[in-house]
Amino acid sequence: MTISRIPRFYKLSVEERHLELRGRLGLDDEDVRTLAGGALSIDAANNMIENVISTHALPLGLGLNFRVNDRDYIVPMCVEEPSVVAAASNAAKSVRDGGGFTAEADPPIMIAQVQLVNVPDTEAATEAILSRRASLLEACDEAIPSLVRRGGGARDIEVRTLVPSTARVPSTEHVPGTEQGRGMLAVHLLVDCQDAMGANMVNTVAEAVAGRLAALAGGEPGLRILSNLADRRRVRVRCLVPLHALETKEFSGERVRDGVIAASRFAELDPYRAATHNKGVMNGVDAVTLATGNDWRGVEAGAHAYAARDGRYRPLSIWRLGPGGVLQGELEMPMVIGTVGGTTRAHPGARLALKLLGNPGASELGMVIASVGLASNLSALRALACEGIQRGHMSLHARSVAMTAGATGALVEQVARELSELGDVRLERAVAILARIEAESRRPAAAHGIVAPPA
Ligand code: NDP
């Protein structure tokens with residue numbers, strides 16, 4: 001069994017970390033070569049997208065301490081922002097003290113939309129379509145025989161009226177497809193995609209039955225494509241954080257708990273705050289989505305559409321007083337991801353990321369991703385509720401600023417430390433510090449009172 005607690009992992013060199021993973025997860029030589037050498041060859045990249053001129057690398061780190069549904073996970077996270085990995089790992093450790101994350105996932109149902117335009121009688125069309133539900137589902141399944149063999153396939157049909165045929169459309173708002181006395185429908189085909197994200201699959205289904213749907217409605221087919229608002233494919237994750245895991249040197253567990261709950265309430269009341277609250281969630285969600293080769297734009301689109309589902313933008317997670325006075329967190333969001341198809345298997349780094357996670361199915365991966373999102377959210381709220389996010393964040397941000405100023409090797413740490421001590425993490429300050437250190441190192445050693453070691 002994987003143990004996701006690896007104390008002092010952050011102290012190891014990159015090579016030592018590879019060795020640790022080799023022993024712990026049974027990585028082979030090829031896996032370690034993939035980790036060491038950058039995962040994507042130019043040849044593979046050239047087959048993935050168009051007009052390729054290079055590949056673009058980002059850091060891949062490991063989220064530690066994660067326990068989801070009584071199982072440990074070492075979580076690959078691909079992200080350019082300092083502190084995201086450390087903060088998620090830290091929050092996961094606190095959650096672990098409360099028994100870990102408890103998660104559940106809906107069946108992997110994706111929605112394909114078929115738009116029908118110029119429908120003469122939207123009510124009659126709806127009835128005509130729904131009365132042929134069984135044979136339409138059969139026609140959907142005929143388009144995806146191998147998915148059906150795997151246990152997936154079409155599950156239901158819904159019809160939504162977007163413009164009733166009785167609507168009076170002002171002449172100034174004329175849009176092709178909604179002529180006076182003609183309506184517009186969106187037919188939803190609900191398809192169980194098993195372990196695939198399913199975009200191409202459900203698009204195939206929509207294409208296959210669009211003509212028949214239009215004929216039944218007496219209208220014309222419009223767009224045929226999935227909806228990224230995959231609200232039939234949601235994950236829910238919950239955690240309880242004991243007070244002792246929240247307390248810091250300066251703040252009691254109760255004080256931190258109440259600060260997190262107050263921060264949650266702020267996000268529930270204010271879309272301006274909710275957007276930043278959700279950005280904290282997506283720090284974790286996107287990092288795992290990207291590492292596993294999934295389409296993070298699809299996940300992002302679904303998350304934000306879901307956050308605004310009742311017409312007002314809301315936080316994806318909320319924090320409350322839990323049983324016995326602990327802090328309780330809950331997150332719910334659509335999870336449009338797969339562990340097969342797309343680039344999940346074509347990209348060697350994504351393949352390896354899935355291996356690090358124990359080769360989960362799509363639902364299991366979705367629950368892990370949501371847990372990392374909730375952990376990222378907790379770490380941000382905890383920092384904001386205590387000393388403010390700047391202190392911890394800035395010391396890590398200082399390293400990026402030091403590198404931007406041109407520091408390399410040991411100088412990165414030295415410049416970053418001075419920036420943090422000064423409490424002034426600006427690029428011009430970093431440039432000045434670096435120039436001073438370099439000037440000092442060019443001066444003769446004796447000038448510093450340094451005596452060279454004997455040869
Ligand atoms: P694929 O087209 O790759 O289809 C999934 C593949 O996985 C199929 O070939 C299927 O085989 C195979 N498979 C193997 N094992 C399983 C299993 N256990 N469960 C399910 N399928 C299995 O990918 P998707 O349909 O998932 O589409 C994802 C891609 O679509 C992503 O690259 C995404 O970027 C892109 N996309 C996204 C859009 C959006 O979000 N709006 C729009 C359009 C595309 P078989 O054929 O034998 O069933």
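Order of appearance sets the numbers: ligands from 1, and atoms from 1 within every ligand.
Considering Val372, Leu378, Asn377 as possible partners of Leu374, the one that fulfils the side-chain contact (heavy atoms from CB on, under 4.5 Å) test is Asn377.
Within ligand 1, the atoms closer than 4.0 Å to a non-hydrogen atom of Ala196 are 5 (C), 19 (N), 20 (C), 21 (N), 26 (O), numbered from 1 in the order shown. Heavy-atom proximity to Met197, at under 4.0 Å, picks out these atoms of ligand 1: 26 (O), 28 (C), 37 (C), 40 (O). Here is the list of ligand 1 atoms found below 4.0 Å of a heavy atom in Gln194: 19 (N), 20 (C). Below 4.0 Å from some heavy atom of Leu226 lie the following atoms of ligand 1, by number and element: 38 (C), 39 (C), 41 (N), 42 (C). Counting the atoms of ligand 1 from 1 in the order shown, those under 4.0 Å from a heavy atom of Ser146 are 45 (P), 46 (O), 47 (O), 48 (O). The Cys193 neighbourhood of ligand 1 comprises atoms 19 (N), 20 (C), with distances under 4.0 Å to a heavy atom of that residue.
The shortest side-chain heavy-atom distance between Met110 and Met201 does not fall under the 4.5 Å cut-off.
If you look at Asn228 next to ligand 1, the close heavy atoms, those under 4.0 Å, all belong to the side chain. Residue Ala301 does not touch ligand 1, judged by heavy-atom distances below 4.0 Å.
If you check each of Asp195, Asn200, Ile144 against atom 2 (O) of ligand 1, the one with the closest non-hydrogen atom is Asn200.
Taking a distance limit of 4.0 Å, we find that atom 27 (O) of ligand 1 is approached by some protein heavy atom.
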